Chemist: 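One structure follows; several queries about it will come next.
In this chain, numbering begins with 1 at the start of the sequence shown. Here the structure is a predicted model, which means the values were calculated and not measured.
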Amino acid sequence: MVCSAAPLLLLAATLPLLGSPVAQASQPGQSQAGGESGSGQLLDQQNGAGESALVSVYVHLDFSDKTWPHEVSRTLTLPAASASSSPRPLLTGLRLTTECNVNHEGNFYCACLSGYQWNTSICLHYPPCQSPQNHQPCGCLVFSHPEPGYCQLLPPGSPVTCLPAVPGTLSLNSQLQMPGDTLSLTLLLSQEATDLSWFLRHPGSPSPILLQPGTQVSVTSSHGQAALSVSNMSHHWAGEYMSCFEAQGFKWNLHEVVRVPLKATDVARLPDQLSISCATSPGFQLSCCIPSTNLAYTVTWSPGEGSKASSFNKSGSQCFVMAVQHCPMTDTVYTCDLQSPGLAPLRVPISITIIQDGDITCPEDTSVLTWNVTKAGHVAQAPCPESKRGIVRRFCAADGVWGPVHSSCTDARLLALFIRAKLLQAGQGSPAEEVPQILAQLPGQAAEASSPSDLLTLLSTMKYLAKAVAKARIQLDRSALKNLLIATDKVLDMDTRSLWTLAQARKPWAGSTLLLAVETLACSLCPQDHPFTFSLPNVLLQSQLFGPTFPADYSISFPTRPPLQAQIPRHSLAPLVRNGTEISITSLVLRKLDHLLPSNYGQGLGDSLYATPGLVLVISIMAGDQAFSQGEVIMDFGNTDGSPHCVFWDHSLFQGRGGWSKEGCQAQAASGSPTARCLCQHLTAFSVLMSPHTVPEEPALALLTQVGLGASILALLVCLGVYRLVWRVVVRNKVSYFRHATLLNMVLCLLAADTCFLGAPFLPPGPRSPLCLAATFLCHFLYLATFFWMLAQALVLAHQLLFVFHQLPKHRVLPLMVLLGYLCPLGLAGVTLGLYLPQGQYLREGECWLDGKGGALYTFVGPVLAIVGVNGLVLAMAMLKLLRPSLSEGPPAEKRQALLGVIKALLILTPIFGLTWGLGLATLLEEVSVVPHYIFTILNTLQGVFILLFGCLMDKKVQEALRKRFCRAQAPSSTISLSTNEGYILEHSKGGSDTAR
């Protein structure tokens, strides 16, 4: 054995002794290892002859020639004892336990040999030879001088294998995990264990990564058992899993190797499709690249005739290339077959389209990138620069004109940081260590961002870091927070036209993502780093720490233009002061951010476009490690033009994409100053919106809606009661049956819709409320059903007007009316729910009704206006039928009677056909006046009352039936009644036709 720096060897000998020992083995010095060691061990005097005992004796040997004599390793025996002498022990073997080397500084590096380990009590007092690794057993320590100590023998196990007895077993559900599966590892312990940790060592990585609970990782433990679960497995989770723990005074390490096959989306193809002209390009090159994995893959290309295959490695991936030397004559699909032993082949297709004579093509373009001749209707592809990952695409239109260039190229280093941050949130790594490391690299990456993909990847990285910090509740030092603010300043200063506009076209909520990430990370400063002030052109931060004795009020000002001031009254912080905890208040101003946030406005702000002061103020209070969100804050945003609206950015609005809300905030007029002063009852990101007009807020309008709907519901119930009494009398012919059947279904649908709409404001709003979703869907369906039954009634009337002597069969018409009245609106409502709910555009913010911004509302407005238009045409047709024969030929008395009939029909059919809903166009177009809103509300909330009056009670047959039922004792008297059924119009139409004849 060679000693690297000094002729010294520190070891311990384990001696099996045969016979009945009577003496005490001794050695110089005291052992520090504990356990079986010591200055010597007195053997049991009671042992009988022939028994053996195992003792550990500390031996310190120096070798001047720096070599370990081979003779010492042989079995040594002592001379046989005479009969008169006392029995002596027999030395049967000598084993090395500890080897110590001395470096040039005089420190002793003592490492344990196989089967031995330093006791954990020793490990706590001496530093390890390398950087501390929780996953490694205590196998090497550094001593400042030769300590009398040695590594201990691990608990013995099987006498056959001579391996130590590990106090636990590690098992898993399968060593081969398919993508998307859930990995389960279980550790069963036979001894009490402490300091249990889980690690993952990636293929080719020298050091493992700590696994902690995250979005994919869950860790559980109970008495004698611990478990690790990883969901949604992918190649990022392949490698060696280790369970490390302490038991019986030693550190133990159990491991299992897990393999995860690749999936098709893990394979990068360049190109994934190709349009080529064999005349200009007789050959071409195809490639497919896979990330590093612990599975060995081989590639076969098909068809492979006349081609040459090769492979090369680059920055964590392996690429397989096929050079096609002869262009195929027809369109061909090449396949990159990736094969790993024991797995089904992974086939990745690449389509090749051959340009034939006469095909429309886009010409070759070498202005920026080289774009070869491409067939019309196909997409040309080009590789990204060497330091980027992704692909550049350009579409060739049907007329042979090149479209715009779309690039997904992302900086390779930034992409690695993004993956690292995403895995950190998933459960790979320690946030306390890795978040500052990633933040340290963000300013440089932000300065080098040159594409929308770079910007979006940078924002996503910050988002994942913020989530990891919030979940782990870690704190950042000044250096980490400075790096965050510098990166934020560079992001806000990026060119709006070339980067932000294109990035927002892909993700409109990109600005909201930045705000939430910075808002979360900025309030995570360590208490010992307060106070902290930092100023950049686009970012200004002030953070202070207060003890239990808080000043009268907290006030702060920023040198912005116009100046920004904020104040928090002491009474708002009184609950925190009473708790005796330290309070940190962080105030952050972000310039330009309000112009980058999406134009989403919550309830009460309407859909108008507002001007903003060019900044967002973020105020956060931390009491210990808990965020304090309730508190009064007074802000002065300086001079503003227009009508100010005090708002804050609510990240929960619009399905988590964020929007401006004024809940809990109100504008106050500053005495003797035209400044915009805001008072809010909570803490978050604030700003002020200015508009040239005010959004109408009329409490009377809401009250009028409730009263009108209540009256309609009562009227519709009365209508149902009337039909219950007179139904058999009024449906004796087909025309009356069709009219009253449609009217009855209309009443039922409108009654249910009004009831649902009236109760919807009392339900908790939002997409997470199933009651709110159900109410919105039912209102949508029932109101549509009401209008479709109106359409059915209008179509029946139109048929009777156009085909006077043609009778409709009841058994055919009624199923068609049910199909039109119920299935059509149900389909429309279902499609709207399935289409807009996943996009977060189904519910209006703060209400249980359809959202008007994303298009969901127009699935109601469109069919309603179309039906109103059709019903209007039918009404005009009916008016012409009434006017034409009488006004042209009859005497003045008949003309007046005909005009009276037209007026009656207009009064009757307008509410039944829902024509008053056409006023909804005025409410959609009008932004200031509330007059159209009042007219629309009065006419349409009282529609049930109009149906009761004109559709039911003024019907001649209904009146006669009611008179016969309740006034049988009275003699019938002549009455003048308005007939709302088609018979009134049809009788006049037939009469006019007979007169004309």
Chemist: Do H651 and E519 have side chains that approach each other closer than 4.5 Å (heavy atoms only, starting at C-beta)?
Modeler: yes
Chemist: Can the ring centres of F860 and W849 be said to be less than 6.0 Å apart?
Modeler: yes
Chemist: Just do the side chain to side chain contact (heavy atoms under 4.5 Å, CB included) check on L515 and L590 with the steps written out, would you?
Modeler: CA-CA 9 Å; L515 175 59; L590 300 172; 3.9 Å; yes
Chemist: Is there a donor-acceptor pair under 3.5 Å between the side chain of D754 and the backbone N or O of L709?
Modeler: no
Chemist: Under 2.5 Å between the SG atoms of C646 and C678: is that the case?
Modeler: yes
Chemist: Let me confirm one number: the OG1-CG distance from T832 to L784, rounded to the nearest 0.5 Å.
Modeler: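 CG of L784 is found 8.0 Å from OG1 of T832.
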Chemist: For the rings on W789 and Y822, is their centre-to-centre separation under 6.0 Å?
Modeler: yes
Chemist: Between V616 and V589, is the side chain to side chain contact (heavy atoms under 4.5 Å, CB included) condition met? List the steps.
Modeler: CA-CA 6 Å; V616 173; V589 172; over 6 Å; no
Chemist: Given the rule in the side chain to side chain contact (heavy atoms under 4.5 Å, CB included) test, do E663 and C680 qualify, once you have shown the distances and angles that lead to the verdict?
Modeler: CA-CA 8 Å; E663 183 179 356; C680 293; over 6 Å; no
Chemist: So which atom in I619 and which in S587 form the shortest heavy-atom distance, rounded to 0.1 Å?
Modeler: CG1-OG, 4.2 Å
Chemist: Minimum heavy-atom separation for L459 and A510, please, with both atom names.
Modeler: CD1-O, 3.7 Å
Chemist: Is the shortest heavy-atom distance from the side chain of V864 to the side chain of Y783 under 4.5 Å?
Modeler: no
Chemist: Whether the side chain of D594 engages the backbone of L615 through a donor-acceptor N/O pair (distance < 3.5 Å, no angle test) should be reported.
Modeler: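 Flag set: sc D594 to bb L615 pair under 3.5 Å.
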Chemist: Using a 4.5 Å cut-off on heavy atoms from C-beta on, say whether the side chain of W660 contacts that of N600.
Modeler: no
Chemist: Could you pull out all residues at least two apart from K592 that satisfy salt bridge (Lys or Arg N to Asp or Glu O under 4.0 Å)?
Modeler: D493
Chemist: Please tell me whether C779 and C848 are bridged, where bridged means their SG atoms are separated by under 2.5 Å.
Modeler: no
